[in-house]
K.L.:
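Handing you a structure now.
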Amino acid sequence: MWSWWLDETTKLVKAFTDRGVVGGRWRKRWDLNREIFMIVKTQREVDAIRAFLRRARRKFKQDAMYFECQIVRFEEVK
C-alpha cells in the first residue's frame with residue numbers, strides 16, 4: 001500500500017518530505033502517524049491533496065486522516 005501512496009503523492013507534487021513516524025495523543029490515547037510535508041502554490045493543488053486523502057483514508061481503512069493547511073509566504077531564492 002505504501003507504494004501506491006508514494007506513486008499517488010508524486011503525481012500530486014514534484015517533491016515532498018516524509019518526516020517518518022511521529023507519536024501523538026488523540027482522545028486520551030497515544031497513537032503513531034506518518035507525517036508528510038508538502039509545499040503547494042495553488043488552491044487547486046490543496047483540493048487535489050484533500051481528494052487524494054479521501055481515497056487514501058478508504059484504502060487504509062481509517063476513520064479520518066489529518067490534514068493541516070497553512071497559508072504562508074514561500075519564496076524560492078536562487
Side-chain angles (χ1 to χ4, degrees):
M1 276 211 257
W2 284 111
S3 293
W4 171 83
W5 173 277
L6 291 172
D7 290 344
E8 293 298 308
T9 301
T10 53
K11 288 177 190 174
L12 293 170
V13 294
K14 292 179 183 177
F16 60 91
T17 301
D18 183 339
R19 293 182 171 173
V21 177
V22 297
R25 189 157 173 83
W26 175 250
R27 295 185 179 175
K28 299 183 181 180
R29 67 179 180 89
W30 287 95
D31 63 0
L32 297 175
N33 302 282
R34 188 120 181 215
E35 186 176 35
I36 309 292
F37 180 79
M38 301 175 188
I39 295 174
V40 297
K41 296 179 182 179
T42 68
Q43 184 62 45
R44 182 176 291 169
E45 291 170 298
V46 172
D47 294 341
I49 292 167
R50 192 176 285 118
F52 161 66
L53 290 175
R54 286 187 187 106
R55 292 191 311 275
R57 181 191 61 78
R58 289 188 297 272
K59 191 169 188 76
F60 282 84
K61 298 179 179 158
Q62 298 293 305
D63 292 332
M65 287 194 167
Y66 310 120
F67 177 54
E68 181 178 340
C69 180
Q70 299 178 13
I71 298 172
V72 298
R73 177 175 165 75
F74 176 77
E75 181 179 342
E76 293 180 68
V77 179
K78 297 181 180 184

K.L.:
Sorted by first residue and then second, give each salt bridge (Lys or Arg N to Asp or Glu O under 4.0 Å) pair with at least one member in residues 64-77; sequence neighbours left out.
P.N.:
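As it turns out, the salt bridge (Lys or Arg N to Asp or Glu O under 4.0 Å) pairs with a partner in residues 64-77, which skip direct neighbours, are Lys41-Glu76, Arg73-Glu75.
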K.L.:
Not counting sequence neighbours, which residues clear side chain to side chain donor-acceptor pair (under 3.5 Å) with Thr42? List them please.
P.N.:
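With neighbours one apart ignored, the set is Glu45.
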K.L.:
Going by side chain to side chain donor-acceptor pair (under 3.5 Å), name the residues that satisfy it together with Asn33, two or more places apart in sequence or in a different chain.
P.N.:
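If we apply the side chain to side chain donor-acceptor pair (under 3.5 Å) test to Asn33, skipping adjacent residues, the hits are Asp31.
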K.L.:
Give the table of side-chain donor-acceptor pairs shorter than 3.5 Å for residues 10-23, with sequence neighbours excluded, one pair per line with atom names and distance.
P.N.:
residue	atom	partner	partner atom	Å
Thr10	OG1	Leu6	O	3.0
Thr10	OG1	Asp7	O	3.0
Lys11	NZ	Glu8	OE2	3.0
Asp18	OD1	Gly20	N	2.8
Asp18	OD1	Arg34	NE	3.4
Asp18	OD2	Arg34	NE	3.0
Asp18	OD2	Arg34	NH2	2.6

K.L.:
Show me the donor-acceptor pairs, under 3.5 Å and distance only, between side chains in residues 53-64 and residues at least two apart or in other chains.
P.N.:
residue	atom	partner	partner atom	Å
Arg57	NH1	Gln62	O	3.3
Arg58	NH1	Arg54	O	3.4
Gln62	NE2	Phe60	O	3.2

K.L.:
Is there a chain of hydrophobic side chains (I, L, V, M, F, W, Y, each step under 4.5 Å between heavy atoms) that links Phe52 to Phe67?
P.N.:
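Yes, same cluster.
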K.L.:
How about CZ on Arg44, more than 12 heavy atoms from neighbouring residues, nucleotides or ligands closer than 6.0 Å, or not?
P.N.:
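Not more than 12 within 6.0 Å, no.
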K.L.:
Test of understanding: clusters of I, L, V, M, F, W, Y form through side-chain heavy atoms closer than 4.5 Å, transitively. Do Tyr66 and Trp5 belong to the same one?
P.N.:
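No: no chain of side-chain contacts under 4.5 Å links Tyr66 to Trp5.
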K.L.:
Got a sec, which hydrophobics cluster with Val77, joining ILVMFWY side chains under 4.5 Å apart, including via others?
P.N.:
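Grouped by the 4.5 Å side-chain rule, Val77 forms a cluster of one, so the answer is none.
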